[in-house]
Each structure stands twice: as C-alpha cells, then as structure tokens.
Amino acid sequence: MTNLINDIFLKALLKQPIDRTPIWMMRQAGRYLPEYRQIREQAGSFLNLCTNPELACEVTLQPLARFDFDAAILFSDILTIPDAMGLGLYFVEGEGPKFKHPIKTVADIKALPIPDPEIELKYVTDAVRLIRKNLQGRVPLIGFAGSPWTLATYMVEGGSSKTFQKTKALMYNEPKLMHQMLDKLAQSVASYLNAQIAAGAQAVMLFDTWGGILATEEYKQFSLAYAQQVRSLLNTDIDGTKVPTIFFTKGGGQWLESISNVGFDAVGLDWQTDIAIARERVGNKVALQGNLDPIALYAQPDIIVEKVKTILAKYGYGSGHVFNLGHGILPDVNPEHVKAMVGAVHKYSAQYHLT
C-alpha cells in the first residue's frame, strides 16, 4: 500500500485488515508537552510558530518521540485560510483567535479571495514537505483544514463565540449571502487540502468544530453540504495510492447516517456518542475515529486503561476503528496519562483483530 514502516492508521481508515487498533490524538502536538512550550516561547507567538516551517516540523514530531502514535498530524491552525483571505488573524492570551477585519457587509463577502495555497499559505505546504522528509516513513502524516461552516463562524463573529448570534443572523436573514461565502470557503478549503496532499499529506481531516450548534435542517444545508462539496473537489488518488479522508463534526452524533453518506472514508466521533451504537448505525460505510472523553485523561492511569478497554470492546472485532479522543487534549493533562492511554490501546486492541 505504501512505503511506510507503520501504515495501520491508513489501513484502518480504509477498513483493511490490521493486527491492532491504531491511535493518534487530536492536538497531540501542543501545550500539554513541556518541550512544546519551550519552542512556543522561542517562537514568540503562536502565529509565529505556525508560520515557521522548521518550528512547525519540530513541534509536529515532538509527540512521536514520547509516544507510540500511529500517525503524525501537521502542526497548524484551522484559521490559516481566513487569514490568507486578508482578515488579519491574531491571538489574545486567554481569549483565543481574533480577526482585525471580520465579515460585516455584503461587500466584505464579495471581496473574499480564494487564496493560492502555494503563495499565501506556502508556509504550510513547506512544513508538510519538511515533516514528510523528517518522518522518513515512520508513520503517515495527516493534513487538515477547518470546515467551511466552522471557518465562517469565526470570520463573521470576529473570533470565538458562545451564541454565534451574528453568524446565525446572517444565515437566517441572508441565506444566499451565507451560501456565497460558504461556496468560496469550500473552494478554498479543497484547494488547500489538495496542496497539502500534493506536498505529502497521506490522509486529510476536515474539522467541523461548530456544526453541532445548528438545527438539523441548517446543519444539512450550511455545514454538511459544504463538507460534501470539499470532499468532491479533493484529489485523493496519488500515483495509484488512495489518500483517506476523515470528517469530524463536534456534536454531530445525531446526524451520523447523513454524515456517512457524503463520501468521506471515516467519521470522527465526539465522546457523547456511543461507539457501539454508531457502528450499528453506519454499518460498513465508513471507518470510525474516537472517542475517549478528553477529560478522562485527568483520571488516574488505571482508570484511563479501563476506559480504553471499554471503547475497544464497544467497537468490537475487525478493522475500521482509529482510537482517538472525542475532541482535542487539554493543555494541563499529564503526559504520563497519555502514555497510559497509548499503551492500553496497543496492549488490549490486538484481540479484536484476530484472523
């Protein structure tokens, strides 16, 4: 399938036979690691870290030096595309991402460009190339982007939000305008992911962090439809090798059947979704990724091991499961607790892959 030393992550996404369940972790390169915090301080800011390919490469590889993860994920941020569109991304300590020029008018939407990923976002594709070189085939590299809907929420709100009042008001009052913006974003996201694939990403993931804030009809129209558009535009056949795709909607468990029908190889599950029931609902259509509660990593290691065993047992026998958290790891988790989780997946998953 590949020249990789360890390709079980890719095989699991494609539901091919493997000898144990693979594991990686959302935000596995990040603030819970002291070595990350040291590089972050050296960079001067989070944005500087993201835009420096050498430092992004170093941070991407750090978790693999500590833990036996079965994949690396590009260190970047989902808001690189809006920044490349000219909205002026910056970060406020304790408050998260902000934009200097949020979307406020019809003219703002019409003026949005579709960035060239090898120009405005070349620091990302350069990082992908450098990471692939430094991985030396050890494990696959995951590329990623934010979903069109999730990016739109940040662009309209000007940053994070609890109510998403501005975004939803635009969606309800001016649906055609919202569709115009989402179409531009879908084209931009697809172009960006295709550039990551061309640079060496061996799987790609679309993060729909805020799809779960929508009612069902709006989710299908304004979130899922544009995820499907992104998927339809992806070039996932590279010299005869398939690049698997993953779609994750936080809070999207009620829409699993619809999500599994839009063309992605795998569906990410948050921790509120029972993985046994999810497998029954999607059948053989997609692989499933997840779904330990991130807060469970604050528990003692022996408890973490039991939680891992429960999720493995609930998924049951056969390929098609990638172990992960149900969302990103939190900054003050003890790395030893991550080690306990990884070790438990390695130790207890083999019994579910007996041929």
Side-chain angles (χ1 to χ4, degrees), residues 76-89 97-99 101-117 120-121 143-161 163-196 204-235 245-252 254-255 258-264 267-268:
S76 187
D77 192 86
I78 63 169
L79 298 179
T80 52
I81 287 177
D83 187 45
M85 289 176 153
L87 272 65
L89 176 64
K98 303 272 187 185
F99 284 112
H101 312 292
I103 298 296
K104 293 182 177 179
T105 66
V106 174
D108 290 340
I109 292 173
K110 291 185 174 177
L112 286 172
I114 296 174
D116 184 332
E120 290 91 351
L121 292 161
F144 73 91
S147 73
W149 169 255
T150 290
L151 298 184
T153 66
Y154 286 100
M155 293 165 70
V156 175
E157 300 292 336
S160 302
S161 175
T163 63
F164 300 91
Q165 181 179 338
K166 296 176 185 175
T167 312
K168 287 189 173 184
L170 176 63
M171 176 186 73
Y172 286 125
N173 294 323
E174 301 285 351
K176 288 184 179 178
L177 278 177
M178 179 58 86
H179 282 302
Q180 287 178 23
M181 180 163 65
L182 290 168
D183 179 68
K184 282 189 177 182
L185 283 166
Q187 294 180 58
S188 300
V189 169
S191 174
Y192 181 51
L193 289 176
N194 281 331
Q196 291 184 36
V204 290
M205 182 164 173
L206 193 64
F207 284 91
D208 185 31
T209 308
W210 298 121
I213 67 167
L214 293 168
T216 294
E217 287 309 309
E218 283 70 37
Y219 175 74
K220 290 179 179 178
Q221 291 178 45
F222 294 96
S223 177
L224 190 60
Y226 290 96
Q228 185 171 19
Q229 182 178 337
V230 170
R231 178 62 191 90
S232 72
L233 295 171
L234 292 183
N235 301 323
T245 56
I246 310 164
F247 181 51
F248 172 62
T249 295
K250 182 171 175 275
Q254 66 269 41
W255 304 309
S258 298
I259 292 170
S260 68
N261 284 331
V262 297
F264 290 86
V267 173

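For this chain, numbers begin at 1 and follow the sequence in order.
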Contacts of type side-chain hydrogen bond (donor to acceptor under 3.5 Å, both in side chains), residue Thr105, not counting sequence neighbours: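 Only Asp108 meet the side-chain hydrogen bond (donor to acceptor under 3.5 Å, both in side chains) criterion with Thr105.
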Kindly write out the residues that satisfy side-chain hydrogen bond (donor to acceptor under 3.5 Å, both in side chains) with Asp77, not counting sequence neighbours, or none if the list is empty.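 For Asp77 there are no side-chain hydrogen bond (donor to acceptor under 3.5 Å, both in side chains) partners, ignoring immediate neighbours.
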For Lys250, check salt bridge (charged side-chain N to carboxylate O under 4.0 Å, His left out) against everything at least two apart and list the hits. none
Ring pair (Phe, Tyr, Trp, His ring centres under 6.0 Å) filter on Phe248, not counting sequence neighbours, yields none
Is there side-chain contact between [X] and [Y], with at least one heavy-atom pair below 4.5 Å?
X      : Y      : answer
Tyr192 : Pro115 : no
Phe99  : Leu89  : yes
Val189 : Ser147 : no

Can you give me the closest heavy-atom contact between Met181 and Ala152, atom names plus distance? CE-CB, 3.8 Å
For the residue pair His101 and Gly86, what are the closest heavy atoms and their distance?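 Looking at all heavy atoms of both residues, the shortest contact is CD2-O, 3.5 Å.
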I need the [X] [atom1] to [Y] [atom2] distance, nearest 0.5 Å.
X      : Y      : atom1 : atom2 : answer
Leu151 : Met85  : CG    : CE    : 8.0 Å
Lys110 : Lys184 : NZ    : NZ    : 9.5 Å
Ser161 : Lys168 : OG    : NZ    : 9.5 Å
Ile109 : Met155 : CD1   : CE    : 8.5 Å

Could you list the donor-acceptor pairs under 3.5 angstrom formed by side chains in residues 223-235, with sequence neighbours left out?
{"unit_1": "Ser223", "atom_1": "OG", "unit_2": "Asp208", "atom_2": "OD1", "d": "3.4"}
{"unit_1": "Ser223", "atom_1": "OG", "unit_2": "Asp208", "atom_2": "OD2", "d": "2.7"}
{"unit_1": "Tyr226", "atom_1": "OH", "unit_2": "His179", "atom_2": "ND1", "d": "2.6"}
{"unit_1": "Gln229", "atom_1": "NE2", "unit_2": "Asp183", "atom_2": "OD1", "d": "3.0"}
{"unit_1": "Arg231", "atom_1": "NE", "unit_2": "Thr245", "atom_2": "OG1", "d": "3.4"}
{"unit_1": "Arg231", "atom_1": "NE", "unit_2": "Gly263", "atom_2": "O", "d": "3.0"}
{"unit_1": "Ser232", "atom_1": "OG", "unit_2": "Gln229", "atom_2": "O", "d": "2.7"}

Who pairs with [X] by side-chain contact (heavy atoms from CB on, under 4.5 Å), at least two apart in sequence or on another chain?
X      : answer
Asp116 : Glu118, Ile119, Glu120
Lys166 : Val156, Glu157
Glu174 : Leu170, Leu177
Ile114 : Gln187, Ser188

Hey, is CD on Gln254 packed in by over 12 heavy atoms from elsewhere, all under 6.0 Å?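 Counting other residues, nucleotides and ligands, CD of Gln254 exceeds 12 neighbours.
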Pick from Leu79, Leu185, Ile78: which one makes a side-chain contact (heavy atoms from CB on, under 4.5 Å) with Thr150?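 For Thr150, the side-chain contact (heavy atoms from CB on, under 4.5 Å) check succeeds only for Ile78.
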Evaluation steps, side chain to side chain contact (heavy atoms under 4.5 Å, CB included), between Leu112 and Leu87: CA-CA 9 Å; Leu112 286 172; Leu87 272 65; 3.8 Å; yes
For residues 210-219, run the donor-acceptor check on the side chains, cut-off 3.5 Å, and write out each pair with its distance to 0.1 Å, sequence neighbours left out.
{"unit_1": "Trp210", "atom_1": "NE1", "unit_2": "Tyr154", "atom_2": "OH", "d": "3.1"}
{"unit_1": "Thr216", "atom_1": "OG1", "unit_2": "Trp255", "atom_2": "NE1", "d": "3.0"}
{"unit_1": "Tyr219", "atom_1": "OH", "unit_2": "Thr249", "atom_2": "OG1", "d": "2.8"}

Assess whether side chain to side chain contact (heavy atoms under 4.5 Å, CB included) is satisfied between Met171 and Trp149, documenting all intermediate values. CA-CA 11 Å; Met171 176 186 73; Trp149 169 255; 3.9 Å; yes
